[in-house]
Amino acid sequence: MQDIKEKRELEKSNEDVLTLSSAAYDQEVIEVLGAREHNLKNIDTVLPRNKLIVITGISGSGKSSLAFDTIYAEGQRRYMESFSAYARSFIGNLQRPEVDKINGLSPVISIEQKTTSKNPRSTVGTVTEIYDFMRLLFARASEAYSYLTGEKMVQQSEDQIIEHILDHHQEQKLIVLAPVVKGRKGHYRELFQQIRKMGFAKVRVDGELMELVPKMQVDRYKTHDIEIVIDRLVVHTEDRYRLTQSVKTALQHGKGIMMVDDTQGNIQHFSKFLMDPKTGLAYDEPAPNTFSFNSPYGACPVCNGLGHIEEYAMDTIIPDKSLSISQGGIAAIGDYRDTWIFKKLEAILKKYKVKLSTPIKEIPEDILKVIIYGDQDTVSVKSVKYPGSNYQVKFEGIVGYLEKQSEMGSDKMQKWAKQFITSNLCPECQGARLKKESLHFKIDHKNIAELAHMDITALNEWFLHLEERLNERQKVIATEVLKEIRKRIGFLVDVGLTYLTLNRPLRTLSGGEAQRIRLATQIGTQLVGVLYILDEPSIGLHQRDNVKLIRALQNLRDLGNTVIVVEHDKDMMMHADYILDIGPGAGRHGGKVIASGSPEEFLERGGITAEYLRGIRQIEIPAQRRKGNGDQLVLKGATGNNLKNVTLRLPLGKMVCVTGVSGSGKSTLIHNTLFPLLSRHFYRSVIEPYPYQSIKGLELVDKVIEVDQSPIGRTPRSNPATYTGVFSDIRSLFSQLPEAKIRGYKPGRFSFNVKGGRCETCEGAGMQVIEMDFLPDVQVPCPTCKGKRYNRETLEIRFKGKSISDVLDMTVEQAVEFFENQPRILRRIQTLENVGLGYITLGQHATTLSGGEAQRVKLATELSKKDTGKTLYILDEPTTGLHFQDIQHLLDVLNKLVDKGNTVLIIEHNLDVIKVSDYVIDLGPEGGDEGGKIVCEGTPEEVAKCSHGYTATFLREELK
């Protein structure tokens with residue numbers, strides 16, 4: 001009886017525990033307690049699960065510190081903790097973020113901007129896996145055509161193969177081969193043993209004939225081609241029986257495929273599957289890697305699957321043919337000097353009776369080719385070291401000299417040699433990336449490269465009713481693959497990327513585009529119960545496509561996931577389920593929770609973000625638009641990518657915005673046509689602009705400065721002072737101090753990157769890494785310099801009582817006051833303060849800067865360069881990572897530049913910037929092939945009245 005009573009009490013207590021845990025689970029919240037990472041001020045916050053949450057706040061306030069460096073870092077660390085200590089010793093350990101506790105954390109996936117691949121082989125198609133499924137489709141359901149005659153390939157019978165050999169190889173010595181291994185790794189010991197047992201004596205391994213010997217094997221880690229040598233014979237009509245038996249055996253062992261080697265290195269493939277009936281041309285049976293530009297079995301042999309080749313161009317090596325070689329006509333070697341290359345040039349020209357002083361345009365073409373590309377003849381060069389004797393040398397040519405420097409020279413020389421290289425379309429595949437055999441497998445008269453060149457909209461339409469255009473056999477094979485392809489294309493359409501093509505390299509995408517591609521891939525995985533964290537996915541997205549992005553995030557949430565978005569976009573905030581505002585300021589002035597709740601509750605609770613959303617604060621529209629200086633820069637006939645013979649009229653002395661939906665041609669027009677053209681004119685840049693007819697008004701501008709979206713170097717040794725270049729001026733100032741001169745200190749003494757003045761214990765890092773075997777490495781301040789980075793002698797040199805280490809620890813605000821009488825230093829630091837970075841320290845590690853801060857450090861570096869009043873600034877989405885308040889700071893800086901007479905050209909989607917600009921040029925109307933035209937241009941008010949174009953619709957609302 002007692003036992004039954006105890007059992008019931010135990011069951012009841014278990015039920016209570018279950019009720020408690022389910023109650024905790026029913027709360028459906030993520031609890032973050034005591035977060036102190038970076039500038040976070042020990043904050044506690046509760047976030048609802050399975051909701052769309054926006055974390056917002058001023059740039060540098062601590063949004064990313066909470067989302068990525070706390071929540072994501074802890075989720076990743078817990079996942080790693082689930083591995084054994086042995087496994088963790090290989091993959092390393094993650095440091096525990098500065099947080100007391102996080103409850104209710106799900107598995108975490110982060111979709112950041114920084115993770116874009118720079119590999120030219122990584123494309124939209126490969127990342128989304130659409131291209132992989134298309135390769136499978138083409139390998140199984142395509143029809144082959146001959147690249148010689150265009151005829152459809154037919155299957156060969158044994159008799160046809162025998163007749164072909166008798167007709168084309170009469171009296172020739174042939175080796176009949178049966179392929180058994182094609183492009184696979186392994187040692188194949190058992191295979192060789194099996195072939196010997198069959199009675200064969202020889203095999204051909206990777207093109208080399210070998211005797212079969214006991215225990216024979218090949219390198220298991222290399223890719224191999226292995227064929228059995230079936231027979232070696234001289235073809236005679238009377239020996240038909242022997243040939244017939246050999247062909248039968250070869251087809252049997254080669255599973256319908258055989259090869260014939262005529263001992264001259266010519267290999268001919270025969271197949272029971274595919275052959276051109278007119279020419280006897282045979283293809284291998286297609287496999288998925290036949291259509292891969294990353295595989296040697298599919299890639300174009302000339303460009304190795306890149307679609308373009310890099311070569312030294314005559315125009316870059318000899319830019320001005322009116323000059324002679326001694327006057328510097330060959331840009332790669334410059335003016336005449338007493339160097340080895342000039343001595344060899346002199347000797348080769350003497351042989352052809354030409355002088356170094358002859359203008360290059362008067363040198364015969366064949367001799368010029370010898371100068372550029374070299375020849376095999378030896379020339380005699382006088383020895384300086386041993387007078388009276390000569391060296392007999394071969395002249396490798398200017399191109400050979402440049403190739404040698406790019407391969408064996410120092411980093412500086414390699415970089416120098418690369419400026420003479422131009423990238424041209426591959427002459428073999430014309431940018432299709434695949435070998436010609438692969439391009440002649442077609443479905444519905446299209447090869448795989450043609451499909452990869454289509455934009456997503458056109459591709460979607462082509463795949464939509466494809467079954468109707470397939471035969472019965474193809475339909476059966478393609479059904480499942482087509483489902484997967486259509487599903488993935490649908491996800492790209494959902495996130496507004498319809499203007500992209502599958503062959504677009506990933507490295508050419510903006511941070512926002514790359515993020516949205518990863519988002520589309522994640523939606524495709526259909527995971528449930530996951531916490532997704534995104535970093536400003538709306539970057540580079542026109543207001544029209546914002547709705548699609550928000551819908552995609554809501555779909556991800558509706559599957560049963562929690563979605564946290566670090567974002568400044570107004571629409572995104574208003575469509576969120578929950579908003580968390582971090583602030584009130586940036587850096588040390590931020591790191592606190594200002595307000596949180598649903599959009600309605602958030603607007604009531606106040607704070608700087610809520611004030612902008614409610615319209616209490618706003619970026620004011622100027623009372624009067626600038627008239628400019630009346631001059632124009634006119635670029636006519638731009639036809640690069642999707643541009644439709646565009647004529648750009650750029651008014652000077654104004655702030656000009658280039659707008660349009662994603663993929664409408666903004667970057668092609670400005671970055672790929674206008675900027676390279678101006679850069680070549682002012683700085684002799686070798687970047688080739690996209691096609692255009694003419695440009696007028698170059699004399700009206702005397703300098704061009706571009707600020708693109710590429711991230712700044714994120715290494716612990718990089719900081720705002722080194723990146724902006726102000727640290728060089730500060731080091732020079734310290735080296736000019738009387739005490740430094742007495743000691744003989746040069747500017748290098750004050751660098752923490754080289755030996756001399758730095759602390760050698762930590763090598764100038766200020767921190768030491770302590771390796772822990774089964775725990776993450778720990779960073780501790782250097783015991784010698786106590787984190788100051790320099791040795792005692794260097795720190796004894798002081799300017800206004802401050803050492804070089806004290807200067808690095810100053811905030812930008814303090815440094816502006818400290819260096820007020822040093823105009824060269826002040827100009828650079830002042831610009832950092834003007835763009836709203838007064839709170840960061842000069843020596844802050846670049847790795848700890850947020851995305852918006854890094855963008856503004858880069859911006860400040862370019863804007864601090866002296867303007868001339870005729871400078872053209874080109875900015876690509878400078879509002880990336882910026883809050884409403886930060887945009888106001890940025891506009892103040894840009895307005896000052898324009899007020900001095902300069903021109904500021906901005907590619908932008910942000911309506912706050914568009915509405916305050918003086919002139920708007922709107923491209924469109926759509927992205928991809930449907931874009932590439934100037935839809936309307938004029939002041940924001942004139943563009944808002946425009947009846948077509950999406951920008952006009954949204955601008956109309958904003959100007960109200």
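- For the atom pair Leu923 CG and Ile921 CD1, the distance stands at 8.0 Å (nearest 0.5 Å).
- In this structure, CG on Leu648 lies 7.5 Å from CG on Leu905, to the nearest 0.5 angstrom.
- Applying the side chain to side chain donor-acceptor pair (under 3.5 Å) rule to Arg649 yields no partners; only residues at least two apart in sequence or on another chain are considered.
- Glu450 and His445 share no side-chain donor-acceptor pair at under 3.5 Å.
- Looking at Gln618, Arg617, Gln885 one by one, the single match for side chain to side chain donor-acceptor pair (under 3.5 Å) with Tyr612 turns out to be Gln885.
- Listed by first and then second residue, the side-chain hydrogen bond (donor to acceptor under 3.5 Å, both in side chains) pairs that reach into residues 934-950 are Arg625-Glu941, Tyr919-Glu937, Glu926-Tyr950, sequence neighbours excluded.
- With rounding to the nearest 0.5 angstrom, the CG atom of Asp571 is 9.5 Å from the CE atom of Met574.
- Between the side chain of Arg680 and the backbone N or O of Glu688, no donor-acceptor pair lies under 3.5 Å.
- Judged by distance alone, the side chain of Thr56 and the main-chain N or O of Glu567 form a donor-acceptor pair under 3.5 Å.
- Gln522 contributes atom CD, which lies 8.0 Å from atom CG of Leu519 (distance to the nearest 0.5 angstrom).
- Under the side-chain hydrogen bond (donor to acceptor under 3.5 Å, both in side chains) criterion, the residue pairs touching residues 627-647 are Asn641-Thr668, with sequence neighbours excluded.
- Side-chain N or O atoms of Thr871 include none that pairs as donor or acceptor with a backbone N or O of Asn902 at under 3.5 Å.
- When the options Lys900, Lys896, Lys703 are evaluated for a salt bridge (charged side-chain N to carboxylate O under 4.0 Å, His left out) with Asp867, the one that passes is Lys900.
- The list of salt bridge (Lys or Arg N to Asp or Glu O under 4.0 Å) pairs with a residue in residues 885-894, not counting sequence neighbours, reads Arg856-Asp886.
- For the atom pair CD1 (Ile705) and CZ (Phe682), the distance works out to 11.0 Å, reported to the nearest 0.5 Å.
- A salt bridge links Asp918 with Arg626; the closest basic N to acidic carboxylate O contact falls under 4.0 Å.
- Here Asn555 pairs with nothing under the side chain to side chain donor-acceptor pair (under 3.5 Å) rule; sequence neighbours left out.
- By the side chain to side chain donor-acceptor pair (under 3.5 Å) test, Thr951 is found to be paired with His542, Asp922, residues two or more places apart in sequence or in another chain being considered.
- Rounding to the nearest 0.5 angstrom, the gap separating the SG atom in Cys429 from the NE2 atom in His308 is 10.5 Å.
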